[in-house]
Visitor: 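A single structure is presented below for examination.
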Amino acid sequence: MTQKAPRTAIQPTRAQDYAEWYQQVVRAADLAENSAVRGCMVIKPWGYAIWENIERVLDRMFKETGHKNAYFPLFIPKSFLEKEAAHVEGFAKECAVVTHHRLVAGPNGGLIPDPKAELEEPLIVRPTSETIIGASFAQWVKSYRDLPLLINQWANVVRWELRTRLFLRTTEFLWQEGHTAHATETEAREETLKMLDVYSVFAEQYMAIPVIRGPKTASERFPGAVDTFAIEALMQDRKALQAGTSHFLGQKFAEASGIKFLDATGTQNFAWTTSWGVSTRLVGGLIMTHSDDDGLVLPPRIAPAHVVIWPVYRGDETKEAISVVIDEAARALRAASFEDRRLEVEVDRRDNSGGDKQWEWIKKGVPLRIEVGPRDLAAGTALVSRRDLGPAGKQAIPFAELAARVPELLAQMQSDMFARALAERDAHTHAIDDRAAFDAFFTPRNPNKPEIHGGLALSHWCGSANCESTLKDALKVTIRCIPSYGIAGAKAAARINEPGHCIVCGEPSTMRVVFAKSY
RNA sequence: CGGGGCGUAGCGCAGUUUGGUAGCGCGCUCGGUUCGGGUCCGAGAGGUCGGCAGUUCGAAUCUGCCCGCCCCGACCA
């Protein structure tokens, strides 16, 4: 037995090179990989199963709030996109455009778009679907009795990004986009906030990612929105991640698409619309919130498998006996539930060494690992390890109690993970009123090498776009959101509504906003 | 798209300056030995050295062009 070096399963560590660590975690956990298509990823089964769980839970929450799923075209006529001025401006530079509908043999071999098969009007691969869905809404809505119209779609979208990172920003990504139309402004605004609330409940209670809810500043708004609200999370490198957005679109898109209805008095009105979405980016947020230097750590409510169980044996005699026990344990566990889900149990019978399996499952982030060996067999117990605790956290649990104890351990792990992430965020959230301190907080010591520093600064802002861009230009720091609904965590919460003076110009300010570097 | 870095086996890399026909660790396969936080020994498989063109008797190595990836910037969920 060799004294193990302080070797981490993922190299480099977060502290050494955070960006590289992130990529290595994705690879080591077998979540996704780059594809032959630049900027587009292949989501592998373990990664896709995480997305499926996100989808499953959110879909249920959307249904519970009255929404129905539908599906709209991948292609958007160019003229549709042109209908809303701000919308065009926001998306025009990152659109994939389809111009032909046929290929023919080219002069130098290979295929070229057939010049005779050029589309009369180019089609845009949807970067978002407000305009194409708006066209349908315009047909569906005639009367106030048709409202509210509450629709969601699960889809892929394409935004031709210059720089991509697996899950965080890819050219094609998966998401859901909710689109609703309402008879009144009040109702549409309520819807916008209701869905923001759904997102924050989901992020915190399922993903165990603490988030700050609030409106965005004008410069951070969705192109064409009247108001954009977001949930913002702090990653372990202390950069913020916008994890979901909900937009109040006013009547802008209704006007652009002609969504009109007759109200009870017989007057023609434009509807009030909203849209809201979360994407596969959430998986990136999950990774960067919880994972450690040994790889992925998955919150039980979202993990593809709750438990992996494998035998540890010396000779063939015990092997047989242990195998029987493993089967029984797996059967008992699969009959049990963790909240609304049957326990998902992986049984690893490969004849690899125990150490190899151990590390493989650690890197994949399975919440609980269960080993059954000769000692356990004799004692009638199984050795259970929680992914978020070190080897010292292993505990022996009698076989008969496994099915009852495993859900308890999962519940505990789920809440511990959230508490840990919240404590981490609080530790890096500071009220800063002095410009020099603000600059120091956000200035990397070595600009050429990514470095963990900074965090969330709660500072005063006068409300001017000018002061906002001053900080963006100088420090690459932006206002992540205005924390209108408070921030969980006593220390930070207490100081939000203190009056003060703009960190840039010194004008009076009534509340603090959240500044950070971001993804 | 601008600045920087890098493309050699599945992963991580050496070899490139000083051209001579490809290597190391991990992983993988087989045999044995082990198995409770990465067991050890032996035998194997696996690479048109990112691509194309050039220089040369000979190119991973030199030259040109192209492609891709990563980091920083501009933009974004």
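All values below come from the heavy atoms of this structure, side chains included, with hydrogens, waters and symmetry mates left out. Since we're looking at a predicted model, the values are computed, not measured. Letters go in sequence order (proteins before strands), and every chain restarts at 1.
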Visitor: Would you mind telling me which of D294(A), D293(A), D292(A) makes a salt bridge (Lys or Arg N to Asp or Glu O under 4.0 Å) with R14(A)?
Guide: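 It is D293(A); the other options fail the test.
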
Visitor: What are the atom names and distances for every N/O pair under 3.5 Å that joins the protein to nucleotides 66-69 of chain B?
Guide:
{"unit_1": "G68(B)", "atom_1": "OP1", "unit_2": "R38(A)", "atom_2": "NH1", "d": "2.9"}
{"unit_1": "G68(B)", "atom_1": "OP2", "unit_2": "R38(A)", "atom_2": "NH1", "d": "3.2"}

Visitor: Can you sort out the partners of D376(A) under side chain to side chain contact (heavy atoms under 4.5 Å, CB included), two or more places apart, ordered by chain and number?
Guide: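 For D376(A) the side chain to side chain contact (heavy atoms under 4.5 Å, CB included) partners, ignoring immediate neighbours, are V372(A), T381(A), L383(A).
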
Visitor: Tell me whether the centres of the aromatic rings in F222(A) and H87(A) are closer together than 6.0 Å.
Guide: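 When the ring centroids of F222(A) and H87(A) are compared, they turn out to be within the sub-6.0 Å range.
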
Visitor: For T164(A), what residues pass the side chain to side chain contact (heavy atoms under 4.5 Å, CB included) criterion, not counting sequence neighbours?
Guide: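 Once residues adjacent in sequence are excluded, the partners of T164(A) under the side chain to side chain contact (heavy atoms under 4.5 Å, CB included) criterion are E161(A), T171(A).
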
Visitor: Kindly state which residues belonging to residues 373-385 of chain A come within less than 4.0 angstrom of RNA chain B, counting heavy atoms of the residue only, listed by number.
Guide: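 RNA chain B contact set from residues 373-385 of chain A: G373(A), P374(A), R375(A), D376(A), L383(A).
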
Visitor: Compare the aromatic ring of F173(A) with the six-membered base ring of A77(B) and state whether they stack according to the 5.5 Å and 30° rule.
Guide: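 By the stated criterion, F173(A) and A77(B) stack.
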
Visitor: Under 3.5 Å for both donor-acceptor distances, Watson-Crick or wobble: does G68(B) have a partner, and if so which one?
Guide: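 Its partner is C6(B) (Watson-Crick or G-U wobble, both distances under 3.5 Å).
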
Visitor: Check the interface with nucleotides 7-13 of chain B: list each N/O to N/O pair with the protein under 3.5 Å, or write none.
Guide:
{"unit_1": "C11(B)", "atom_1": "O2'", "unit_2": "R27(A)", "atom_2": "NH2", "d": "2.7"}

Visitor: Without placing hydrogens or testing angles, list every side-chain donor-acceptor pair under 3.5 Å for residues 42-50 of chain A, not counting sequence neighbours.
Guide:
{"unit_1": "K44(A)", "atom_1": "NZ", "unit_2": "D30(A)", "atom_2": "OD1", "d": "2.8"}
{"unit_1": "W46(A)", "atom_1": "NE1", "unit_2": "K364(A)", "atom_2": "O", "d": "2.9"}

Visitor: Verify the distance criterion only: is there a donor paired with an acceptor across the side chains of E424(A) and H290(A) at less than 3.5 Å?
Guide: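 Short answer, no.
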
Visitor: Can you confirm whether the side chains of T228(A) and H247(A) place a donor and an acceptor under 3.5 Å from each other?
Guide: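 Result is yes, a qualifying pair exists.
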
Visitor: Between A60(B) and G51(B), how far apart are the two P atoms, rounded to whole Å?
Guide: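 Taking atom P in both A60(B) and G51(B), they lie 11 Å apart.
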
Visitor: Looking only at side-chain N and O atoms, does N53(A) offer a donor or acceptor that is under 3.5 Å from a partner on R301(A)?
Guide: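 Per modelled atom types, R301(A) and N53(A) side chains form no pair under 3.5 Å.
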
Visitor: Under 6.0 Å between ring centres, would you say that holds for Y22(A) and Y519(A)?
Guide: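 Between Y519(A) and Y22(A), which both carry aromatic rings, the centre distance is not below 6.0 Å.
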
Visitor: So, E191(A) and T274(A): side-chain donor and acceptor under 3.5 Å apart, yes or no?
Guide: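 Their side chains do not contain a donor-acceptor pair, so the 3.5 Å distance test is not met.
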
Visitor: Classify G244(A) by what it touches in the nucleic acid, base, sugar-phosphate, or nothing, heavy-atom distance under 4.0 Å.
Guide: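 Since no nucleic acid heavy atom lies under 4.0 Å of G244(A), the category is nothing.
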
Visitor: Which is true for L241(A) with a 4.0 Å heavy-atom rule: it touches a base, it touches only sugar-phosphate, or it touches nothing?
Guide: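 Contact class for L241(A): none.
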
Visitor: Taking the six-membered ring for Trp, is the centroid-to-centroid distance between F515(A) and F438(A) below 6.0 Å?
Guide: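 Under 6.0 Å, so yes.
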
Visitor: In this structure, how many angstroms lie between the C1' atom of A77(B) and the CG atom of L196(A), rounded?
Guide: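 One finds 14 Å between C1' of A77(B) and CG of L196(A), rounded.
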
Visitor: When you measure from the side-chain N and O atoms of K216(A) to the phosphate of A77(B), is any distance below 4.0 Å, counting only OP1 and OP2?
Guide: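 False: K216(A) side-chain N/O out of range (4.0 Å or more) of A77(B) OP1/OP2.
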
Visitor: P atom, A14(B) versus C6(B): distance in rounded Å?
Guide: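 Roughly 10 Å separates the two P atoms.
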
Visitor: Which residue, L389(A) or S219(A), contacts RNA chain B at a nucleotide closer to its 5' end, judged by nearest heavy atom?
Guide: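 With L389(A) and S219(A) compared, the 5'-side residue is L389(A).
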
Visitor: Closest approach to the side chain of D356(A), judged atom by atom: which nucleotide of U39(B), A74(B), C35(B) is it?
Guide: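 The nucleotide sitting nearest to the side chain is U39(B).
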
Visitor: Side chain of R169(A), base of C76(B): donor and acceptor closer than 3.5 Å?
Guide: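 Under the 3.5 Å cut-off, the side chain and the base do form a donor-acceptor pair.
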
Visitor: Below the 4.0 Å mark, does C70(B) have OP1 or OP2 next to a side-chain nitrogen or oxygen of R165(A)?
Guide: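 It does not, given that no N or O in the side chain of R165(A) lies less than 4.0 Å from OP1 or OP2 of C70(B).
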
